[in-house]
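Any value given below was found using the heavy atoms of this structure, including those in side chains, with hydrogens, waters and symmetry copies removed. Order of the sequence lines sets the chain letters (A, B, ...), proteins ahead of strands, with each chain counted from 1.
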Number of protein chains: 2
Amino acid sequence: MPSVRDIAKSAGVSVATVSRVLNNSPRVSDEAKRKVLEVANRSRYVATVGKRSTTNIAFVYTGESSLGSPFDATLMRGMALGMEEFGFDLMVLDARRARRRHEAYSHMFMRKGIRGAVLRTTAPTVDICRQIADEGFPAVVVGSRIEEPGVSYIYSDSRQTSQEAVDHLTGLGHRRIAVCLNIVDDSDHADRLAGYRAALASAGIEYDEKMVVRATALREGGAQLIRRLMGMSPRPTAVFITDPYTAMGALNESRKAGVRVPEDLSIVGFDDAELRYMVYPEMTAVCQDALAMGREAFSVLNEMLSIKPAPVSDQVKTTSRSTVIRRSMQTWLEVHDSTGPCPP
Amino acid sequence: MPSVRDIAKSAGVSVATVSRVLNNSPRVSDEAKRKVLEVANRSRYVATVGKRSTTNIAFVYTGESSLGSPFDATLMRGMALGMEEFGFDLMVLDARRARRRHEAYSHMFMRKGIRGAVLRTTAPTVDICRQIADEGFPAVVVGSRIEEPGVSYIYSDSRQTSQEAVDHLTGLGHRRIAVCLNIVDDSDHADRLAGYRAALASAGIEYDEKMVVRATALREGGAQLIRRLMGMSPRPTAVFITDPYTAMGALNESRKAGVRVPEDLSIVGFDDAELRYMVYPEMTAVCQDALAMGREAFSVLNEMLSIKPAPVSDQVKTTSRSTVIRRSMQTWLEVHDSTGPCPP
DNA sequence: CACCTATGATGAAACTGTTTCATGAATTGT
DNA sequence: ACAATTCATGAAACAGTTTCATCATAGGTG
């Protein structure tokens, strides 16, 4: 564990200069900055003020993630439970804004006294998760299944329940069942599509690519979806919508377009909070427990942090990759009023 | 600004013991703990590690506040904007869990490296806000108007718009207009009641206490409300519901009870996020911009923190009360489909 | 051109808070 | 009753940050 004094000696400057570089003080030459950052990053420097051990956990989002979404909000509430239970403090951080140029993610975390991170990511920013895992920093991805080596995650296994959802539709006599996926592909939506296909297969219905529709994860995406479905011929009599907001938008647009739910169209949606009760009609949905996921994230990090890191010899710089923990949470199907028998 | 060494001298112990007390180390006698905490609290101790100045802002809720509500979620998104703009980091904190016994709030904040606080409170926990203000810690209450000396706040002035909302109803010919308030009284709901009364007065309608109904700020509260209203005689033809979730619950229960909205009952709700678009029919509502409030909170704290505190002489311990800043944000009325002409 | 002044980068030293280690006191087990 | 263990504590060592003095350089003015 190098100190500022070690770095100073190695970089050929004073500790004062090292400290200035590490804190972005304006009065420092580019040359000194370059030298210090080079040594600091190479030696995996972590700031430990007076050997103080902080207990901050960061909730890291990546700018494109929707911090105010019901899922994130519920997640946050779950994390608040974890804070109490495991005695951590929670910091909210935008991974891309908070980091400085040429700074390793783990360095950025340590600079802020963060011991572990809960990562929230979307498909385009998966590389951030990979990089953090590569640096060996204790982190867990929540709400996405990132199949990269070294990446820990907690996700909801929605494949089985998605299949049940579509089984529910075939059980009601539906044969022309559409599925709506997000415009960006991720493992979750792949799971749901797999569940959809399995259910079709078990009901002896042939898979038809034209029944797979893409929409944005917004109200407007759901509206678009309904307009698309109504233009199809033959029309689907049911649709499985894999995103909460899209499902909500679809329900509302149906009403505007004069499509009766469930008489003309059965809709199975997705819910990670309470949305299914807010819409009309109350929505049959595949549900996941974002609250429990938030709490579980802290449990996982607690486990990671209680494993003592292997002592790194001064000579060999091993990449001390942290333990990989992967957990899957249950989802369940709730049948409400947006699904009904297939129209004749 | 006392240091651990000053406190040690004053309390008659070593700096090591002071540090142990301040960090809840188990190996310390009650006697030493008492002496140190006494001096630390009296001298307004703040931890400044190596004169490092942290830039953490805390989002403080009080356990009873609903962290996962749309309002708080949107607020959080707004604060994320403020983080970027003003260069702060955000920490999430439960005021009551995080604090230790006999610890002043400002001490607790400083122990965690927090420079300023955004407070989210409900009526029963107003005293926490008052106490933090009394300690002179830079803090701003968001979403409540706390008329206590020294307390800064940002709130939505919903009085005027509430009046407009009820004007809208009287303009549609309604005469028997109920209002639904939260079961706990706070200044916001008082404002909305005042707006309601003003609108009645200007329309020449007499104020009737029986038309003031209380409900919890939950879906179920809204359901209860509808059952109450339907049992009244004569029945109100319109209701102004001052909480988003209550309004949502009322809309859904109306449908279940066979009450048509707006044909039988006009509903004006309240919205601080996007709820008005999620329900059916889309809800006429008094809207506030929680996003802007979150951002504004950081602006206010930035202002507070850039004012240098008066230097405290070693002899006179003045209570350095921080500047009081109060801002009000605009609310607006959006007319959608849950209000209509008064039935004959 | 010479000289003074302002600015900027830097390091030694001073300072802040935390932890380790040694020490003496108190408690407990046999 | 005595040894062993545990506990509370302070001195010292250590980690990071900032202040202050120093030196170099650039720029304006006679």
DNA chain C: 5'-proximal contact among Val28(A) and Arg5(A) (nearest heavy atom): Val28(A)
Any donor-acceptor N or O pair under 3.5 Å, side chains Ser299(B), Asn302(B): no
[N] [atom2] sits how many Å from [X] [atom1], rounded?
X: Arg27(A); N: dT25(D); atom1: CZ; atom2: P; answer: 18 Å
X: Lys33(A); N: dA9(C); atom1: NZ; atom2: C1'; answer: 12 Å
X: Lys35(B); N: dT9(D); atom1: NZ; atom2: P; answer: 8 Å
X: Leu22(A); N: dG16(D); atom1: CG; atom2: P; answer: 9 Å
X: Lys9(A); N: dC14(D); atom1: NZ; atom2: P; answer: 12 Å

Tell me what Ala32(A) touches on the nucleic acid: a base, only sugar-phosphate, or nothing, going by heavy atoms under 4.0 Å.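 The residue Ala32(A) makes sugar-phosphate contact but no base contact.
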If you look at every strand shown and take non-hydrogen atoms under 4.0 Å, does Val13(B) touch a base, only sugar-phosphate, or nothing? sugar-phosphate
Verify the contact: side-chain N or O of Ser29(B) to OP1 or OP2 of dT9(D), cut-off strictly under 4.0 Å; return yes or no.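 So the side-chain polar atoms of Ser29(B) do come within 4.0 Å of the phosphate oxygens OP1 or OP2 of dT9(D), strictly under.
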Thr17(A) vs dG11(C): side-chain N/O to OP1/OP2 distance below 4.0 Å: yes
Which nucleotide in [options] has an atom nearest any side-chain atom of [X]:
X: Ala16(A); options: dG11(C), dT10(C), dT9(D); value: dG11(C)
X: Ser3(A); options: dG17(C), dG16(D), dA8(D); value: dG16(D)
X: Ser19(A); options: dG8(C), dA15(D), dT18(D); value: dT18(D)

Quick one: the side chain of Arg20(B) and the base of dG17(C), do they pair up donor-acceptor inside 3.5 Å?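 Under the 3.5 Å cut-off, the side chain and the base do not form any donor-acceptor pair.
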Non-hydrogen atoms of Val324(A) and Val151(A) that approach each other most closely: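 The answer is CG1-O, 3.7 Å.
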Just one of Glu148(A), Glu147(A), Arg145(A), Arg327(A) clears the side chain to side chain donor-acceptor pair (under 3.5 Å) bar with Tyr153(A), so which one?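 Single side chain to side chain donor-acceptor pair (under 3.5 Å) partner of Tyr153(A) among Glu148(A), Glu147(A), Arg145(A), Arg327(A): Glu147(A).
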Are any side-chain N or O atoms of Thr125(B) and backbone N or O atoms of Thr121(B), one a donor and one an acceptor, separated by less than 3.5 Å? no
